[in-house]
Amino acid sequence: MSAFWYYVFTLVFFLFDYFILAMGLNIQYGETGILNFAYIAFVAIGAYVTGAASLPNAAGTGQQYIMGWGLPFPFNLLLGGLVASAVAVLVAFIVLRRLRTDYLAMVLVSLSLVLYDVINNYVPLFNGADGLYNVPQPMAGIFHLTTNSFIPFFAVVTGLIALLMWFFMSRIMKSPLGRTFRAIRDDDGVAGALGKNPFGYKLTSMIIGAFYAGVGGGLIIQFGGSFNPTAWLPGETFVVFAVIIVGGVGNNVGMLVGALVVETLLIHLPAFLPEIPGHPGLIEYIDTMVVGALLMVMLWFRPQGVVPERVRKSAGMLADRARGRGRELTTATEGQGKSGE
Amino acid sequence: MSDNVTPTTGAPAYALQCQDLKKAFQGVLAVAGATFDVPQGQITALIGPNGAGKTTIVNLLSGMMQSDSGRMQLVGTDVTNWPSHKIARRGLMRSFQLSRELGGLTVLENLLVAPKHQAGESLFNIFFRPLAVRREERENVERALETLKTYGLYDLRDNRARELSGGQKKLLEIARAVMAQPRVLLLDEPMAGVNPALIDRIGGYILDLKASGVTVLMVEHNLNVVEKICDHVIVLAEGRTLATGKLSDLRANQDVVQAYLGEVINASTHG
Ligand SMILES: Nc1ncnc2c1ncn2[C@@H]1O[C@H](COP(=O)(O)OP(=O)(O)OP(=O)(O)O)[C@@H](O)[C@H]1O
Ligand SMILES: [Mg+2]
């Protein structure tokens with residue numbers, strides 16, 4: 001495979017992966033209004049757990065980590081998502097019951113810094129600052145994949161997973177649950193006065209979002225085979241925020257657009273550009289500045305994003321109703337047939 | 001309006017009972033020992049000068065604020081310091097003096113949020129009982145559209161709620177509360193800033209709600225409205241219940257006239 005296709009499929013992978021990450025943050029922030037400035041920590045937890053669960057027992061690998069069960073894909077990925085969700089429950093009980101908006105955001109940033117330091121320094125957990133490496137390539141044995149063919153293969157697998165997760169997420173967002181999330185986003189006091197327990201729903205939203213974060217992180221470590229603290233500097237959270245703000249908070253198509261513009265075109269594409277002679281790493285810095293500038297321009301001129309949240313029209317609900325009724329009519333006639341009419 | 005308290009056997013005669021409620025804000029005693037009962041199935045007015053603590057009482061009763069001391073009962077159940085969502089699930093709904101619409105949601109969606117215990121609010125049901133979710137949702141949409149027709153908001157159903165006018169928001173708040181099928185409805189100045197024709201309409205809605213068995217407690221400054229639709233009046237001054245009874249009786253009460261009615265009567269005769 002030529003270097004060109006290698007690059008293309010790497011970009012495709014990151015497009016789909018950030019689509020998943022953006023959907024997870026969107027349900028928390030875009031739908032429920034939780035300013036989760038610790039989002040990247042959940043991505044990291046998913047990555048580490050996915051990696052550590054699929055690695056063999058740590059003895060003799062030269063690394064230190066917990067688990068080491070040799071758990072095959074996709075079970076390790078699922079575990080990564082679930083552990084991220086479990087941590088979200090813990091975090092929610094600590095911070096979500098009392099704090100809101102800006103105070104909540106500050107506490108979450110601090111929490112993510114604390115977690116960063118712990119994982120970076122407590123080596124027995126996930127090998128400290130060195131992070132995990134030599135993580136086995138998923139399904140490589142089954143499909144006889146080589147180092148080259150693995151990249152396009154896994155980009156496609158990630159695309160399929162993203163599609164599945166998109167399906168689940170749009171079901172949630174269209175449901176009464178999604179509507180209650182948005183009610184809490186708009187005014188959690190009113191939602192409470194209407195009988196909705198704001199904490200309970202925020203907890204649910206955190207769990208769902210953290211699962212998406214964890215799976216997105218797990219896919220990253222499976223794709224690259226390694227993951228360490230440089231991959232999740234706390235500032236990375238803001239890249240995911242940039243994705244959802246540029247794309248348009250509150251809808252999934254926007255998430256895909258945001259992932260394409262911010263993550264694929266601005267963050268990863270320039271990484272393939274030749275270095276500016278004499279200034280190693282300069283492109284990366286310019287990159288970060290461009291993302292920051294884009295974020296400001298968007299917030300100033302188009303805060304609703306490229307694809308704004310759409311109004312859920314009653315006609316759409318009525319169409320759903322008609323479809324539902326059609327189905328019910330058939331079941332009703334079936335029922336009648338059975339009862340011998 | 002005649003005094004027609006006829007408690008059905010077994011059911012408590014009072015929808016709400018408050019004993020010695022107190023609430024202070026950084027030293028300001030907003031509610032300073034309010035004691036009153038709200039008879040079931042009637043329309044009760046909560047009146048008093050600005051700053052008397054009326055809104056604070058509504059906040060306490062709806063669980064949006066916690067009282068410093070005192071007790072409150074909702075249809076016989078002690079709900080002192082319950083969180084607002086639990087009180088709401090017991091059948092108490094409220095509106096807000098300054099409208100608090102769910103701005104990003106459409107008018108229809110504002111109503112659809114209100115029904116309690118929706119099947120589609122559980123992740124499990126969304127994926128494993130989709131038909132039950134859809135059936136219930138369809139019923140709710142139908143009922144919400146009917147309610148919007150009743151309140152004259154049907155044509156605005158697809159507008160984002162933040163785009164409504166002040167008066168329309170007042171209507172939306174009542175419609176949303178009604179959508180939750182409350183037993184007790186607290187209305188905080190439902191007619192403030194509303195034109196006279198709409199005042200009459202809202203008055204009619206409130207009477208209809210009473211006819212359907214809902215207990216209403218409304219904060220209201222307009223005594224003509226109180227006279228016309230309220231069965232019972234609670235006068236609040238400086239956080240205390242000054243008097244309770246029928247408006248006609250209260251007009252004869254010297255304290256009440258001094259504390260509140262005097263101002264209003266004078267204002268309405270001279271202004
Ligand atoms: N959140 C709050 N923080 C501090 N003080 C408050 C708060 N809410 C109310 N107060 C104070 O409590 C007192 C009672 O206020 P409240 O809003 O209950 O009056 P009200 O009877 O509803 O008046 P109005 O007729 O003007 O609406 C006022 O002195 C007010 O300044
Ligand atoms: Mg008030």
Side-chain angles (χ1 to χ4, degrees), chain A residues 27 30-31 33 97 167-201 204-205 207-208 211 249-250 304 308-328 331, chain B residues 62-64 83-96 100-110 112-123 125-127 130-131 133-138 140-142 144-145 148 154 157-162 173 176-177 179-180 186:
Chain A
I27 189 98
E31 298 282 293
R97 273 191 301 184
F167 169 76
F168 286 131
M169 188 56 87
S170 56
R171 284 290 285 272
I172 293 170
M173 283 168 62
K174 268 189 216 149
S175 72
L177 179 65
R179 185 169 58 218
T180 301
F181 284 157
R182 289 191 296 282
I184 286 166
R185 170 196 70 189
D186 285 358
D187 191 331
D188 63 352
V190 169
L194 288 171
K196 318 292 166 185
N197 178 0
F199 173 69
Y201 287 101
T204 308
S205 177
I207 291 172
I208 300 169
F211 182 79
V249 160
Q304 71 274 38
E309 182 176 12
R310 88 195 154 83
V311 176
R312 289 157 177 84
K313 298 254 185 207
S314 58
M317 298 183 202
L318 292 168
D320 275 356
R321 286 199 307 150
R323 236 183 292 140
R325 181 172 294 152
R327 190 164 298 175
E328 187 146 280
T331 41
Chain B
S62 58
M64 297 194 75
S84 61
H85 64 271
K86 284 200 176 152
I87 293 180
R89 287 185 203 159
R90 281 279 169 149
L92 182 142
M93 283 290 135
R94 66 164 296 178
S95 74
F96 295 87
R100 281 169 73 172
E101 72 287 352
L102 301 165
L105 272 57
T106 66
V107 168
L108 176 61
E109 284 180 308
N110 263 266
L112 289 174
V113 171
K116 281 166 268 184
H117 304 296
Q118 297 181 40
E121 287 178 322
S122 123
L123 263 185
N125 290 340
I126 293 169
F127 293 108
L131 284 180
V133 169
R134 196 171 318 145
R135 191 175 321 124
E136 189 190 61
E137 179 75 353
R138 185 193 326 141
N140 284 339
V141 170
E142 262 156 27
L145 290 173
L148 288 176
Y154 184 77
R157 63 191 180 281
D158 288 334
N159 288 42
R160 284 218 158 103
R162 71 167 75 96
E173 287 222 350
R176 185 176 65 193
M179 187 70 192
L186 309 185

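Values below: every heavy atom of this structure, side chains too, minus hydrogens, waters and symmetry copies. Order of the sequence lines sets the chain letters (A, B, ...), proteins ahead of strands, with each chain counted from 1.
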Item to complete: I would like to know whether B:E137 and A:K174 meet side chain to side chain contact (heavy atoms under 4.5 Å, CB included); could you show each step before the answer?
Response: CA-CA 11 Å; B:E137 179 75 353; A:K174 268 189 216 149; over 6 Å; no
Return the [atom1] to [atom2] distance between [X] and [Y], rounded to the nearest 0.5 Å.
{"X": "A:D186", "Y": "B:R162", "atom1": "CG", "atom2": "CZ", "answer": "6.5 Å"}
{"X": "B:L123", "Y": "A:I208", "atom1": "CG", "atom2": "CD1", "answer": "4.0 Å"}
{"X": "B:E121", "Y": "A:T204", "atom1": "CD", "atom2": "OG1", "answer": "10.0 Å"}
{"X": "A:L194", "Y": "B:K116", "atom1": "CG", "atom2": "NZ", "answer": "10.0 Å"}
{"X": "A:R312", "Y": "B:L112", "atom1": "CZ", "atom2": "CG", "answer": "12.0 Å"}
{"X": "B:E109", "Y": "A:R182", "atom1": "CD", "atom2": "CZ", "answer": "5.5 Å"}

Could you check which of [options] has the highest count of heavy-atom pairs closer than 4.5 Å to chain A?
{"options": "B:G120, B:A88, B:S62", "answer": "B:G120"}
{"options": "B:A180, B:S122, B:G104", "answer": "B:G104"}
{"options": "B:H117, B:R90, B:R94, B:R176", "answer": "B:R176"}

Worksheet item: Is B:D158 reaching over with its side chain to a backbone N or O of A:S314, donor-acceptor style, under 3.5 angstrom?
Response: yes
Give the minimum heavy-atom separation between [X] and [Y], together with the two atoms involved.
{"X": "B:M64", "Y": "A:G189", "value": "CE-O, 3.3 Å"}
{"X": "A:P176", "Y": "B:V133", "value": "CD-CG1, 4.1 Å"}
{"X": "A:E309", "Y": "B:R160", "value": "O-NH2, 3.3 Å"}
{"X": "B:I126", "Y": "A:S175", "value": "CD1-OG, 3.1 Å"}
{"X": "B:S84", "Y": "A:A193", "value": "OG-N, 3.9 Å"}

By a 4.5 Å heavy-atom criterion (distance strictly below it), what part of [X] contacts chain A: side chain, backbone, both, or neither?
{"X": "B:P115", "value": "backbone"}
{"X": "B:R100", "value": "both"}
{"X": "B:A114", "value": "both"}
{"X": "B:T106", "value": "side chain"}

Item to complete: Under 4.5 Å heavy-atom distance to chain B, tell me which part of A:Y201 shows up: side chain, backbone, both or neither.
Response: side chain
Item to complete: Evaluate the criterion side chain to side chain contact (heavy atoms under 4.5 Å, CB included) for residue pair A:N197 and B:R89; output intermediate values, then yes/no.
Response: CA-CA 10 Å; A:N197 178 0; B:R89 287 185 203 159; 3.8 Å; yes
